[in-house]
Each structure stands twice: as C-alpha cells, then as structure tokens.
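A short worksheet on the structure shown next.
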Amino acid sequence: MKKIYVVRHCEAQGQDSNSKLTEKGLIQSKSLSDFFSTTRINRIISSPYIRAIQSVVPISEEKNIKVEIDERLSERILSTRNLPDWLEKLKETYEDLDLKYEGGESSKEAMDRIGQLVDELFKSETENTLIATHGNLLSLLLKNYDNSFGFHCWKDLTNPDVFLLIYKNNEVTIERLWSEL
C-alpha cells in the first residue's frame with residue numbers, strides 16, 4: 001500500500017511564485033508539522049514556489065528529510081493575460097477540460113502533469129510521500145481520481161489543506177484529513 005499526503009500550502013502574502021507565507025501561514029506550517037508528527041513520511045516533494053516550500057519546512061526539519069523540488073507541482077497558470085472575470089473563466093475549465101486561455105494550461109494538461117508525478121510515486125519504492133502544491137492543481141489531481149470533484153470543491157479548499165491518496169489493489173482512494181475549516 002502506497003500513501004501520498006497532498007498538502008495545499010499555508011496562507012500566503014500573494015499569488016506570485018516568490019510570495020512568502022504570512023505570519024498566520026508560518027503558524028499554520030508549525031501546526032502542519034505537529035499534525036504529521038506521528039505520521040511516517042519517507043519523502044517530501046514541493047512545488048518550487050516559496051509558499052509551498054515554507055509550508056513543509058517544519059515537517060522536513062522535524063523528520064530530518066530534505067525537501068525535493070519538482071516543477072510539476074507548480075500552480076497551474078490559467079492565462080498570462082489579466083482576466084478580470086478569472087473566476088468565471090476558471091469555472092469553465094472544470095466543465096471543459098481542454099479549454100485553454102492565452103499563455104495558460106488547460107485542466108487536462110495540468111492533470112496530466114501532476115498525474116505523471118503521482119503515478120511515478122505510486123510505482124516507486126517509497127511507501128509514504130508528502131507533496132506540497134497549490135489549490136487549483138490539487139483540485140485537478142483530485143478530479144483525476146474523482147470526476148465529481150469540481151469548481152465548487154476547489155472553492156471549499158482551505159489554506160492549508162491535507163488529502164491522502166492511497167494506492168492499493170490498483171485503485172486510488174481519496175480521504176480529506178485536515179483543513180483550516
């Protein structure tokens with residue numbers, strides 16, 4: 001049985017890749033470390049975005065595991081253009097997985113990107129992996145295994161949030177473990 005703990009980053013100062021955690025986010029990252037204190041983790045992989053890395057550094061330090069960086073955990077880019085109605089545009093991408101805006105990535109492309117990493121992890125020798133990523137990409141990963149996971153589920157995600165993917169008997173099950181609700 002393989003387990004992948006999927007962590008959405010803690011509260012951040014912004015959406016830029018260099019945005020750091022807020023003071024509250026730093027406290028949340030310590031709470032995440034406390035949450036995982038009795039959980040066996042063999043490997044930690046993060047998005048290259050600062051807020052994702054900062055979210056799992058306390059876990060890394062507690063467990064003495066180096067944080068690996070994987071670009072495939074980067075947040076999905078909806079568009080390189082400023083979209084005043086971005087929320088509606090995002091909603092449409094949950095209904096049409098091939099829909100793509102200028103300079104952006106379709107839901108299908110993002111699902112394939114993170115799905116490739118998760119498939120590699122399930123096939124690896126590592127039993128328990130923790131990955132740190134972002135809300136939209138996380139929601140698309142979950143949609144990959146549960147098609148009912150859509151736009152409204154994305155809106156219900158919190159910072160941070162934790163899901164567990166379990167691979168057993170060639171099936172993946174999803175469980176929400178913790179959120180800031």
Side-chain angles (χ1 to χ4, degrees), residues 1-78 87 90 110 113-115 117-118 120-122 124-146 149 151-167 172-181:
M1 181 168 55
K2 302 283 178 110
K3 295 180 180 178
I4 300 176
Y5 297 91
V6 187
V7 174
R8 182 186 189 192
H9 65 80
C10 302
E11 183 181 275
Q13 296 174 3
Q15 296 299 312
D16 184 80
S17 63
N18 292 320
S19 294
K20 295 180 179 180
L21 295 182
T22 62
E23 285 301 315
K24 180 180 178 184
L26 291 169
I27 293 167
Q28 290 170 334
S29 70
K30 177 65 175 118
S31 295
L32 272 177
S33 181
D34 294 343
F35 177 77
F36 281 107
S37 66
T38 60
T39 304
R40 189 162 167 245
I41 303 289
N42 307 108
R43 189 174 178 193
I44 300 173
I45 308 171
S46 176
S47 156
Y49 289 27
I50 301 298
R51 62 187 178 271
I53 296 167
Q54 284 185 312
S55 295
V56 295
V57 162
I59 300 167
S60 164
E61 292 172 348
E62 168 78 23
K63 299 203 175 283
N64 197 27
I65 299 172
K66 181 180 178 277
V67 176
E68 301 170 43
I69 304 300
D70 194 309
E71 294 285 336
R72 293 174 289 183
L73 292 170
S74 298
E75 181 61 295
R76 169 196 182 196
I77 295 173
L78 184 62
L87 199 58
L90 180 64
R113 171 168 53 96
I114 193 168
L117 172 63
V118 168
E120 287 173 16
L121 294 173
F122 281 141
S124 76
E125 295 297 316
T126 307
E127 283 185 32
N128 302 302
T129 304
L130 184 147
I131 60 176
T133 190
H134 307 272
N136 189 216
L137 192 64
L138 166 61
S139 70
L140 292 171
L141 173 63
L142 298 176
K143 185 171 183 60
N144 192 46
Y145 296 108
D146 177 359
F149 202 97
F151 177 75
H152 294 290
C153 298
W154 165 79
K155 285 184 76 172
D156 289 339
L157 292 175
T158 62
N159 293 91
D161 218 325
V162 179
F163 287 82
L164 172 61
L165 304 180
I166 298 175
Y167 183 76
V172 176
T173 58
I174 302 169
E175 183 181 347
R176 190 176 196 177
L177 298 180
W178 184 74
S179 73
E180 272 296 301
L181 294 177

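All residue numbers in this chain count up from 1 along the given sequence.
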Seminar exercise, completed: Minimal heavy-atom distance between Glu11 and Thr22, with the atoms involved, is OE2-OG1, 2.7 Å

Problem set entry | Closest heavy-atom pair and its distance - Leu73, Ser47 | O-CB, 3.2 Å

Exercise. What distance do Ile44 atom CD1 and Lys66 atom NZ have between them, rounded to the nearest 0.5 Å?
Worked result: 11.0 Å

Problem set entry | Test log, rule side-chain contact (heavy atoms from CB on, under 4.5 Å), inputs Leu90 and Arg76 | CA-CA 11 Å; Leu90 180 64; Arg76 169 196 182 196; 3.7 Å; yes

Exercise. Less than 4.5 Å apart, any side-chain heavy atom of Arg72 and any of Ile114?
Worked result: no

Exercise. Can you tell me if Ser19 uses its side chain to pair, donor with acceptor, with the backbone of Gln13 under 3.5 Å?
Worked result: no

Problem set entry | Atom NZ of Lys20: over 12 foreign heavy atoms under 6.0 Å | no

For this session: Give a yes or no on this: more than 12 heavy atoms of other residues, nucleotides or ligands lie within 6.0 Å of atom CD1 of Ile69.
Result: yes

For this session: Calculate, to the nearest 0.5 Å, the distance between atoms CG and CD1 belonging to Leu21 and Ile53 respectively.
Result: 10.5 Å

For this session: Report the C-alpha distance between Leu141 and Phe163 in whole Å, list the side-chain angles of each, state the deciding distance to 0.1 Å, and finish with yes or no for side-chain contact (heavy atoms from CB on, under 4.5 Å).
Result: CA-CA 11 Å; Leu141 173 63; Phe163 287 82; over 6 Å; no

Problem set entry | Side chains of Tyr167 and Ile4 in contact at under 4.5 Å (non-hydrogen atoms) | no

Exercise. About how many Å separate CG of Leu121 and CG of Asn128, when rounded to the nearest 0.5 Å?
Worked result: 11.5 Å

Problem set entry | Residues Glu75, Arg51: salt bridge by 4.0 Å N-O rule | no

Exercise. About how many Å separate OG of Ser55 and CD of Gln28, when rounded to the nearest 0.5 Å?
Worked result: 8.0 Å

Exercise. Is the distance between the ring centroids of Tyr49 and His9 less than 6.0 Å?
Worked result: no

Problem set entry | Spatial distance of atom CZ (Phe149) from atom CG (Asp156) [nearest 0.5 Å] | 8.0 Å

For this session: Indicate yes or no: at least one non-hydrogen side-chain atom of Ser139 is less than 4.5 angstrom from one of Phe151.
Result: no

Problem set entry | Which atom of Ile41 lies closest to which atom of Ile65, heavy atoms considered | O-CD1, 3.1 Å

For this session: Grab the two heavy atoms, one from Arg8 and one from Leu138, that are nearest each other, plus how far apart they are.
Result: CB-CD2, 3.8 Å

Exercise. So which heavy atom on Leu137 is nearest to which on Ala110, and how close?
Worked result: CD1-O, 3.7 Å

Exercise. How many angstroms lie between atom CG of Asp70 and atom CD1 of Ile45, to the nearest 0.5 angstrom?
Worked result: 6.0 Å

Exercise. Given the rule in the side-chain contact (heavy atoms from CB on, under 4.5 Å) test, do Arg113 and Leu140 qualify, once you have shown the distances and angles that lead to the verdict?
Worked result: CA-CA 10 Å; Arg113 171 168 53 96; Leu140 292 171; over 6 Å; no

Exercise. Can you list the steps and then say if Leu32 with Cys10 is a side-chain contact (heavy atoms from CB on, under 4.5 Å)?
Worked result: CA-CA 9 Å; Leu32 272 177; Cys10 302; 3.7 Å; yes

